[in-house]
Amino acid sequence: MIKLNNRDCEWHEGLTVEELLRLKNYTYPRIVVSVNAVIVPEEAYASTVIEDGDKVEAIHLMAGG
Amino acid sequence: MEKLEHKFLKEYNYELGAVDKGYTNRTLYINVGTHEIKEKPVTSLMKDKFIGGKGFGLYYLWQAVTESTKWDDPENEIIISSGPIGGITQYPGSGKSLVVTLSPLTNMPIDSNAGGYFGPFLKFAGFDALELQGKAEKDVLIFIDGTKGTITIEEMPGGGVDTHILGEQLTEKYADNEEDKRNIAVISTGTAAEHTNIGLLNFTFYDVRRKGIRLKQAGRGGIGTVFRDKHIKALVIKCAGVKGDLNHPVDKLTLNKTGIKLHKEMHDLDNSQNQMRKIGTANIISIMDQYDLLPTHNYKFGAHKDTFKISPEVFISKVTQNSPDGCWHGCSMACAKAADHFELKTGPYKGQKVTIDGPEYENAAGLGSNCGIFDPDVILELNFYCDTYGIDTISYATLTAFVMECYENGILNKERTGGLELNFGNIEANFELIHQMAKGEGFGKIAGLGIRKMKEIFAKEYGADPQFLFDIGMEQKGLEFSEYLPKESLAQQGGYGLTNKGPQHDEAWLIFMDMVNNQIPTFEDKAEALHYYPMFRTWFGLNGLCKLPWNDIAPADNKLTDEPAKIPEHVQNYVDIFNAVTGKTIDKFELIRQSERVYNFQRIFNIRMGFGKRIHDKLPYRAMGPVTVEEYQSREERYDQQLKELLGYDTTGKTTEEKIKVLREYREDQYEKLTDAVYKRRGWTMDGVPTVEKLRELGMDLPELLEVVEKHR
C-alpha cells in the first residue's frame, strides 16, 4: 500500500509513476508528481519505481473553470 | 440589407475628457423613459470602497432600487462598467465589461461580464460607468459618439432584434467607412430575450480579418430580458484611436514589462499547457469526462461513452485556426475562437452561412453531454441560436436537461409539451424548443421561465412530487447551475452554493484541489479556499479583467512555488498592474480586502432584497449526491466504499434505496458543517449575515449597510 495524495492506494511490485498515473486515469497535462517529497520530472515517469509505503503526490495544477 | 429608420428623441452634448490613472471620474446616467441624460461625478468613496466594474454597478443599483423593487419596475437599472485597469492593451484579458441589474431569475442583483469593446470604449468616450433606468414607450437605441461628445436617444420601431443581423446593421450604419467599423461596438440581445427570463446581452467587436462582427456575452441571470423589458433595442458606441496609454497610467514601463512577461509565457507554454490559442476553454471537455466531472443527462453522471465525438480535437477541426482571436486589443491568449462559414440547418436562418463564436466549454458540455447530445454541429448550431436569439447558453442547457429528465420520468409528456418528445439526445425537439422560445410560443415559453418557475408549475399543474423536482432541478437562488458536476467535491458544492449570485463557477472552482489533489481535507481548509478564491476572483470584476490569463497559463516554475494553485507570480502581476495604472500601492493582501468590501456589500444587498441568508444557500441534492437508484448503481462501488470507510456502514444486504438514504444524510450534514466553517471564515453569523465587526474591520460600516445587518442579527 502507498499513499497517493494522502489517501491509501494499492501498490504492486515494480509500479512506476507512469503506470500509476495510467491506472488512476490522471490524464490532465499540468500535473506535478513527487515521490517522498522529491519532484519527478516528466521524462522520468517511466523509469521511476514506487516502493511499498512511499508517499506520492500527484498535484493537478487546475483551479480553472 | 434592411434600412433602419430612426427618429431622434433626445440629443445631449458633453465635453470629451481624458482618463486619469484609469478613471474618467464621471459616469453617465440615461433614463430611457423620461429621456433624462446627465453626468455624475465619481467620488473618492466610490473609488476607495467599490473600485469600479461590478463594484460601481452594485453601488448605483443599491441607490436606484428599494427592497420592494422588482426586476421589471422602471426603477431597476442596468449598469455597465469596465474598471480602472480595463482598456489597457499591455496585459492580456483587459477588456471586460461588467453588467449589473436586478435579475428576473433571482429577484436580486446579478453580475455578469463580457468581452468585446464596449466597456473600454465607454471609458475612452468619457465615462467610468453607464446607468440605464426607466422604461421606454417604444423601442429605442442609444448612440454614444465618443469622437464628437454626443449622445442620442433614437426611437427605432420595427425590424428584427436578433444580434447577428442587428449588430451588423448598426456597425454598418454608424461607421463612416470600412476602416471605421473597428471603432464601433454594439450591445444588443435577441427575440428570445423578449419571451424568456434567461435573456443575455451580446457585446460586439469588429473582426477586421473576417470583415464582420464577433459576439461576446454577458450571459447569466437574464440581463437581456431586463434590457428588452426597458424597450432598449441596442446601445452603440463609437471610439477612435485606441492605443496603449489611454488610461494615462502612472507607470507605463511596469505595464509594458509585466505584459511582455505574460506574452512570452503564452508563446512558449500554451501549446504544452491548455492550448487556449487553439481551442479556448473547450480544451477541457475530455479532461472533465475522464475525471467523471462532465455533466451528463442533467448532472446524473460525469462521463459518457460518446464524449470522444465532441472532444477538443473535433472542435479544433471545426474552428478557424491561426487567427488572432482576442476579444480586446493586446490579448495574446486569443481564446475567442469561431467556426466560420457554418451553414445553418434549422430555424428562420436555415441555409445562411454564419460565423459562430465558440464553442466555449460551458456550451459544449451544457448543450452537448448534459442534454445527451454528442453531435458537434448540433452543439454549434444551438450555440449560434442561443447567441443570436439572446439567451444564456448555460441556463438554456441546464433547464433543457431538467425538462428532459422530467419528460423521461413522466412528469412531462407529449400532450404537456405540445408534441415535443424531449428525451435526452432528441436533437429535433431541442431545436424546436429553442425556436419556440424565440417566438414566445408553446412549451418553449414555459421552459424559458427557468427551472425555479417550472418546478412550481409542474408541481401545481401536473401533480409532480415537489421534493423530486427540488432534488433534480439544478438551480439555486433561481439561477441555473453552470456545467460542472460537483457531487464528489464538497468544496465545489460550497463553490456553487455559498455564492452571492447563484451557482456560477466564477467565484470558486475547487474540484481538483479538493477531490483529486486532496489539498484541502478539513472543513477549515475548505473554508479558507472558499474565502480566498471567491475574493480573488471578485477582484477581476472590479477592474475590467478576464480571469483566464490568471490560471489558464502558468509560469514554467509555478509548480515549485508554495501555493501553485494561486499562481503566485500572476497574483503579483495583478498587484503590479493595478499600482502601475492607478498610482496606488496595494499589496496582495489589500487586493483581497478590496474584493471583500464589495463581496460583503453584495451579500447585504441580497439580504436587503429578502434573500442572501443560510436558507438561500441550500443546494439541490443532485449537486451533492445520487438522487436516483440509476445514479447510485452507476457508481455503486464508489458509494459503497464511501459508506464503509467514512461511516462504517455495512452495505451487505442493503437495498440501493437504503444506501441512498444513509449517504444523503451524511452528505447533507457535511454541507451544513462546511457552511458553518465558511460563514465563520468570512466573518458572518451562522445565518449568513455579515457581522458589524467584519464591516468595521473592512471600513464598510456604512449606515445603510449597518441598518440592514442590524435588522438581521
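Small disclaimer: the values here were computed from a predicted structure and weren't measured. In what follows, every chain begins at residue 1, and chains take the letters A, B, ... in the order their sequences are listed.
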I need the minimum non-hydrogen distance between [X] and [Y], along with the two atoms involved.
X      : Y      : result
B:N518 : A:N6   : ND2-CB, 3.8 Å
A:L61  : B:K559 : CD1-CB, 3.9 Å
B:S272 : A:P29  : O-CB, 4.3 Å
A:R30  : B:A554 : NH2-CB, 3.5 Å

- Message: Which one wins on heavy-atom pair count under 4.5 Å against chain A: B:N274, B:T281, B:N558?
- Response: B:N274
- Query: With chain A, which of B:N517, B:I567, B:I287 has the greatest number of heavy-atom pairs at distances under 4.5 Å?
  - Reply: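 When all of B:N517, B:I567, B:I287 are compared, B:N517 has the most.
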- In Å, rounded to the nearest 0.5 Å, how long is the span from CG of B:D292 to CG of A:N25? 10.0 Å
- On the 0 to 90° scale, with breaks at 30° and 60°, tag the A:H60-B:F512 ring pair as parallel, tilted or perpendicular. perpendicular
- Whether over 12 other heavy atoms sit under 6.0 Å from A:E42 CD: no
- Give a yes or no answer on whether the side chain of B:Y291 reaches the backbone of A:T27 with a donor-acceptor pair at less than 3.5 Å. yes
Side chain from CB out, backbone as N, CA, C, O: work out which of these in [X] comes under 4.5 Å of a heavy atom of chain A, or both, or neither.
X      : answer
B:Q519 : side chain
B:D514 : backbone
B:I511 : neither

- Name the region of A:L4, side chain, backbone, both or neither, that has any atom closer than 4.5 Å to a heavy atom of chain B.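 Neither part, no heavy atoms under 4.5 Å.
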